[in-house]
K.L.:
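Dumping the structure here so I can ask a few things about it.
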Amino acid sequence: MKFAKPLFALAAVSALVAPAAIAHRMWLLPSSTVVSGTDNWVTVDAAVSNDLFYFDHRPLGAIPTITQPDGAEGKAEHHNVGQFRATFDVHLTQQGTYRIAVVNQGVFGRYTLNGETKMLPRGTTKAQLATAIPAGATDVQTSEMVARNEIFVTQGAPTNTVFKPTGEGIELVPVTHPNDLVANEPATFQFLLDGKPASGLYVTTILGGGRYRAAPKQMDQRTDASGKVTIKWPEAGMYWINVTPNAPRPEGEGEGPRPQAQAGAQARAPRPEGAPQGMRGVPSGRRVSYTTTLEVLAP
Amino acid sequence: MQFRLTGLTTAALGAGALLPNTAAAQTMDLSIELPRIRVAEYHKPYVAVWLEKEGQPARTLSVWYDVDKRGGEGTKWLHDVRQWWRASGRTMGFPADGISGATRAPGVQKQRLVAGKGGMPALTPGQYTLVVEAAREVGGREVVRLPFAWNGSSVTATAKGASELGAVSFTLKR
């Protein structure tokens, strides 16, 4: 996996949405998820808001990473960041399943040096952490974030090449293909945490279109011992799915960086073994999350 | 005998001396009524006809769409024939020889399908379902299912749609 873009994305997101977006939902909404033919375009809305999928708060301006069915990197075209939403287009020229992802990955933190509190520069990676914190620094507080937000679009028959796990953060492995969803058939997905099936993850499923109904139509589930969850769709529509190791707050998991004090209390993702709190070169806290938007079609 | 809906088997059957096939080919006479729908903007529907048998991949017999549009543009909306697209269409290439055809006008549309030609396989006795799905631009979509048991000699099935399809029937004979 290449980190150049996600890091840029991270910086962009932080600049655009933090701290107001904390406790809001980040989402990517494709114009289509199942297309036929050999040459199509899909357009994607990217935004941060409470209500799904209404762009009424902030845009999600990060440049997404496109992975084509053959594994090669694709291109987000006509990227535009507006007041409430960002939009971009993806040209589909291959047969199979595309992944469109915004991955926020990096280390946040601060330390004290010569009586002065300093923030880690934005875009710091875990590998750079040891050198990013100068010798003699005290009161080191760092937190790693891997927030994955991705959607899938299939031209022709669904394929599985884009689901090859990277082993970082939470990832989806299809049991049911995410572009093969029909309202009257339950769908099963497996979730991995750092490449291993993760039990007990909190899976929040919310049907879009909430503005026009009183009930939120939300399902709260946990992954089973093999990291799997089976979702029964109440109806056809666009669903927002959020997966976290900790119980999400009522408004949904925020995606922006949070102060260490909160992150430490909320993120129960396993820490690197034997890493004491605040040790130089190892993040003391960790926040991981997975978000996707799935389209469920009518039978 | 285990029935397999593959082109290979069809070819094997055609070449095999032990199995009856081309000498007295199975023939399906299909009748699909496309209702006249009085709306300001009418487009002839995309229609797909396919055959299902439990444990076998669905087999497309016929697809009527904008087959002549420039640059294969007509295939762009094939996925709107949603059940068919998922059951069979998405794994096919277009135009499909002996399967693709132009859209048809309202009225009773007849089609004869002969085993071994186009998408029509030679059927072994058993339980099948013939499925017809119609999807209309700026209109609705409807699926009509005709389950039938093939005994090797003759069968007729009839069903009726409510919106995008009228009477649908077929007779399969050998």
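This is a predicted model, so every value here is computed, not measured. Within every chain, numbering begins at 1; the chains are lettered A, B, ... in the order of the sequence lines, protein sequences first and strands thereafter.
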K.L.:
Atom CZ of residue position B:Arg70 - does it have more than 12 heavy atoms of other residues, nucleotides or ligands inside 6.0 Å?
P.N.:
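It does not: B:Arg70 CZ has 12 such atoms or fewer within range.
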K.L.:
How long is the gap from OG1 on B:Thr75 to CG on A:Asn40, to the nearest 0.5 Å?
P.N.:
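Reported value, rounded in 0.5 Å steps: 7.5 Å.
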K.L.:
Show the nearest heavy-atom pair for residues B:His79 and A:Val34, with the distance to one decimal.
P.N.:
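Distance-wise, the nearest heavy atoms are ND1-O, 3.3 Å.
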K.L.:
Indicate the atoms forming the closest heavy-atom contact of A:Ser36 with B:Leu78, along with that distance.
P.N.:
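Looking at all heavy atoms of both residues, the closest pair is OG-N, 3.2 Å.
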K.L.:
Mind listing the closest non-hydrogen atom pair of B:Arg90 and A:Asn179 along with its distance?
P.N.:
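Heavy-atom minimum between the residues: NH1-O, 4.3 Å.
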K.L.:
Only heavy atoms, only distances under 4.5 angstrom. Which residues in residues 221-235 of chain A are near chain B?
P.N.:
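So far as heavy atoms go, nothing in residues 221-235 of chain A approaches chain B to under 4.5 Å.
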K.L.:
Tell me, side chain or backbone of A:Asp180 under 4.5 Å from chain B's heavy atoms, or both, or neither?
P.N.:
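Contact with chain B involves both backbone and side-chain atoms of A:Asp180.
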